[in-house]
Amino acid sequence: MNVLDAIRNRRSVGKLAYPAPSDADVQTMLDAAMFAPDHKELRPWRFIVLRDDALNELGDVMAEALIARDPTVTAGQITKERTKPTRAPVIVAIAATHVETSLPFIELICSAAAATQNLLLAAHELGYGAMWRTGDSIYDETVKHWLGLAPSDELVGFVYIGTVAGDTPRRAPIPDDSVVWRPLQLDPADQYTAGRE
């Protein structure tokens with residue numbers, strides 16, 4: 001698949017099912033993730049692959065963390081939180097690790113985000129659906145601790161991966177004001193003469 005086609009055609013897919021990607025396919029996605037831009041080659045990422053019983057364990061931790069954050073939550077909200085990780089057969093948690101560097105930590109977070117996009121594109125290339133999910137749980141210290149992360153690390157999200165179940169959503173139109181050209185972009189008919197005046 002052409003890389004531009006992969007970028008244009010990839011969609012976030014919320015309905016994911018078995019069969020799960022093989023370990024080899026997940027490793028291919030992780031390999032792609034680790035080719036992300038990385039200032040000073042710090043490798044400031046941590047990837048935690050969750051499947052099978054680990055998905056239920058994560059759900060339990062997320063539910064407990066929700067109760068600790070808000071003791072007034074309803075039983076329905078707790079159940080919803082507990083079952084979130086079972087929406088896909090594989091989840092990859094991606095974090096930016098707080099390594100010693102003179103760089104601002106935001107650069108490491110951006111690198112982890114770029115790694116996440118690479119992983120999403122690789123999943124699409126391999127024929128799987130995927131979705132980058134966040135929410136309050138990625139900022140919760142209990143969840144981070146269970147994943148083996150330090151308090152100074154930043155969890156950038158969970159990538160849910162599986163076989164697409166149902167229709168792939170359409171992408172919303174890109175706003176016309178998303179791009180600004182300086183100087184103003186020329187009409188293609190004027191480009192040849194612009195440099196000759």
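Residue numbers run from 1 in the order of the sequence given. The model shown is predicted, which means the values in this text are computed figures rather than measured ones.
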Look up atom [atom1] in [X] and atom [atom2] in [Y], then write down how far apart they are to the nearest 0.5 Å.
X      : Y      : atom1 : atom2 : value
Leu108 : His39  : CG    : NE2   : 10.0 Å
Ile138 : Met62  : CD1   : CE    : 10.5 Å
Leu55  : Asp60  : CG    : CG    : 11.0 Å
Asn9   : Arg171 : CG    : CZ    : 9.5 Å
Arg69  : Asp140 : CZ    : CG    : 4.5 Å
Ile7   : Leu120 : CD1   : CG    : 12.0 Å

Are there more than 12 heavy atoms of other residues, nucleotides or ligands under 6.0 Å from atom [atom1] of [X]?
X      : atom1 : answer
Asp167 : CG    : no
Lys80  : NZ    : no
Asp70  : CG    : yes
Leu4   : CG    : yes

For side-chain contact (heavy atoms from CB on, under 4.5 Å), just list the numbers for Ile48 and Val92, CA-CA rounded to whole Å, side-chain angles, deciding distance to a tenth of an Å, and then say yes or no.
CA-CA 5 Å; Ile48 303 101; Val92 179; over 6 Å; no

Is it true that a side-chain atom of [X] and a backbone atom of [Y] form a donor plus acceptor pair closer than 3.5 Å?
X      : Y      : result
Thr101 : Leu103 : yes
Lys144 : Glu154 : no
Thr142 : Ala65  : no
Gln77  : Thr74  : yes
Asp25  : Pro21  : no
Arg46  : Leu155 : no
Thr79  : Ala75  : yes
Ser152 : His98  : no

For Ser12 and Pro169, work out which heavy atoms get closest and say how close.
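Looks like O-CG, 3.2 Å.
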
Contact summary for Ile161 and Pro89, nearest pair of heavy atoms:
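Taking Ile161 first and Pro89 second, the nearest heavy atoms are O-CD, 3.3 Å.
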
Sub-4.5 Å side-chain heavy-atom contact between [X] and [Y]:
X      : Y      : value
Arg87  : Arg133 : yes
Cys110 : Glu107 : no
Asp38  : Arg43  : yes
Val49  : Val90  : yes
Phe158 : Thr134 : no
Trp181 : Leu184 : no
Val159 : Ile94  : yes
Glu81  : Ser137 : yes

For Ala88, what residues pass the side-chain contact (heavy atoms from CB on, under 4.5 Å) criterion, not counting sequence neighbours?
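Ala88 satisfies side-chain contact (heavy atoms from CB on, under 4.5 Å) with Leu16, Tyr160 only.
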
Test side-chain contact (heavy atoms from CB on, under 4.5 Å) applied to Ala122 - qualifying residues, sequence neighbours left out
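Partners of Ala122 under the side-chain contact (heavy atoms from CB on, under 4.5 Å) test: Met29, Ala32.
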
Could you tell me whether Arg51 and Asp23 make a salt bridge, using a distance below 4.0 angstrom between a side-chain N and a carboxylate O?
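Yes.
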
Verdict with reasoning, Thr116 to Val156, per side-chain contact (heavy atoms from CB on, under 4.5 Å):
CA-CA 8 Å; Thr116 304; Val156 298; 3.8 Å; yes

If hydrophobic clusters are built by linking Ile, Leu, Val, Met, Phe, Trp and Tyr wherever their side-chain heavy atoms come under 4.5 Å apart, do Leu121 and Met34 end up in the same one?
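No, Leu121 and Met34 fall in different hydrophobic clusters.
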
If we count only N and O atoms by modelled type, under 3.5 Å, do the side chains of Trp45 and Ser111 hold a donor and an acceptor together?
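Distance-only check passes for Trp45 and Ser111.
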
